[in-house]
Amino acid sequence: MNSPEALARQVMGRIDALAAISETPGILTRRYLTDEHRRANALVADWMSVAGMTSRQDAAGNVIGRYQGADDARPVLMIGSHLDTVVNAGKFDGMLGVLCAIACVQALHGAGRRMSYPIVVVGFADEEGVRFGTTYLGSRAITGRLDPATLDRTDSDGMSFRQALEEFDLDGDRICQAAYGRQDVKAFLELHIEQGPVLENLNRPAGIVTAINGQTRLSVVITGEAGHAGTVPMGLRRDALTAAAEGVLAVEAICAGMEDVVGTVGILRTAPGAINVIPGDVSFTVDVRAREDGARRDAVARVIRAIRAAAENRRVDARVTVFHEATAAPCAPAMMDAIERAIVATGIEPTRLPSGAGHDAAAMAELCDVGMIFLRSEGGISHNPAERTTLDDVTAGIKIMLAVLEELEG
Ligand code: GLV
Ligand code: MN
Ligand code: MN
């Protein structure tokens, strides 16, 4: 009943049940502090109860399950990942880590087994940062490092984070109550799909994450002058979009020219947005990631200089704001070693690899030692409805996680 294979089948069924909770029928989109977030939390809380945990929702909207330890006063081992998604998401990103954690506790509970330490399973409320643009809101609340200025950030409808919390029956002034103290947490463990092709190319189901790359997000607003597409001569235009286009290409050229740096413009809005009007106002985002914080900062400084130079040449204004920054987060050597031993014990050749994607573990690294297990992604595809991991690999993931729990005894 609670064999890793049976638990993996249950996880796959639950992945589908969560994927059905979406803001948009037919595709999966579940943003922070929406009705769908509330429904997903309720379902996950039920599964936590079935697995023998007490459950609650914290002051930031994270759903938290607790499985008593044999010595319940010990610092807790936190395990988890996120329940929010990108727009038109895959169904494994985040959810798989929460569901495998619950499956492992269910296995312990079914066997009448307690680890010496308590286990806290977390379904983080916001990792993707889709709604308010800044990531890790759920995990940062748990680390106690959520910047209070974030509460004034607004979503695309102009609703502030603080107002959205109120609509969710939470209080921005009490979000600090979600925080854990350093002394209360033994370590954090996250299982996640790789979201890239490395493990598949090596034909290995699982790997050990060494570090999570840092990231910087910029918001760029270019202001030129709207005008008639038929009457303003080319040389007299102050076209905000052509200046922005130079900025977008500079992001690509600068990041492509540096080692282990990637840069993306994922949102670009142009106004007034009419076929016969020269664009007067353009805004776009820039997301820069790198393994080394120094290289990331260098790339960001060069991108900002290039955007300003393009704006000056084209006689438009450019306002650049850094609205999110996360430093690179190394995984703890003791956690990497424990995961490696667990992977070997499961009969899998170990592979160590860094993570280019952001993860809750990066935020949690400010609170405690963190470790991450990656499971192979089919085709390396992620942030896409085609995202997939096989039943066999999920079974392997559950076995590895259970073995890590044993490794962390004592
Ligand atoms: C989240 O998945 C991110 O890396 O942006
Ligand atoms: Mn993601
Ligand atoms: Mn994720």
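For ligands, and for the atoms within them, numbers begin at 1 and follow the listed sequence. Keep in mind the model is a prediction, meaning the values are calculated, not measured.
Between the Ser22 side chain and the Ile27 main chain, a donor and an acceptor come within less than 3.5 Å of each other.
Enclosure of atom CD in Glu246 by more than 12 non-hydrogen atoms of other residues, nucleotides or ligands within 6.0 angstrom is indicated. Counting non-hydrogen atoms of neighbouring residues, nucleotides and ligands closer than 6.0 angstrom, the CZ atom of Arg174 reaches no more than 12 such neighbours. In the displayed structure, Glu406 atom CD is contacted under 6.0 Å by more than 12 heavy atoms of other residues, nucleotides or ligands.
Considering backbone and side-chain N/O of Glu128, one or more are found under 3.5 Å from N/O of ligand 1.
Nearest N, O or S atom of Asp93 to the Mn ion (ligand 3): atom OD1. The minimum distance between the Mn ion (ligand 2) and any N, O or S atom of Glu128 involves atom OE2.
The only member of Arg296, Gln215, Arg217 that meets side-chain hydrogen bond (donor to acceptor under 3.5 Å, both in side chains) when paired with Glu325 is Arg296.
When rounded to 10 degrees, the angle formed at the Mn ion (ligand 3) by NE2 (His82) and NE2 (His192) equals 110°.
The distance from ligand 1 to the heavy atoms of Ala357 drops below 4.0 Å at these ligand atoms: 4 (O).
Only the side chain of Arg289 comes within 4.0 Å of ligand 1, judged by heavy-atom distances.
Protein heavy atom in closest approach to atom 4 (O) of ligand 1: Gly358 N, 2.7 Å.
A heavy-atom separation below 4.0 Å is found between His383 and ligand 1. By the 4.0 Å heavy-atom criterion, Arg217 is counted among the residues contacting ligand 1.
Between Glu200 atom CD and Arg376 atom CZ the span is 7.0 Å, to the nearest 0.5 Å.
Here His359 does not reach the Mn ion (ligand 3): none of its N/O/S atoms is less than 2.8 Å from the metal.
Using cut-offs of 30° and 60° for the angle between ring planes, the Tyr32 and Phe161 rings count as tilted.
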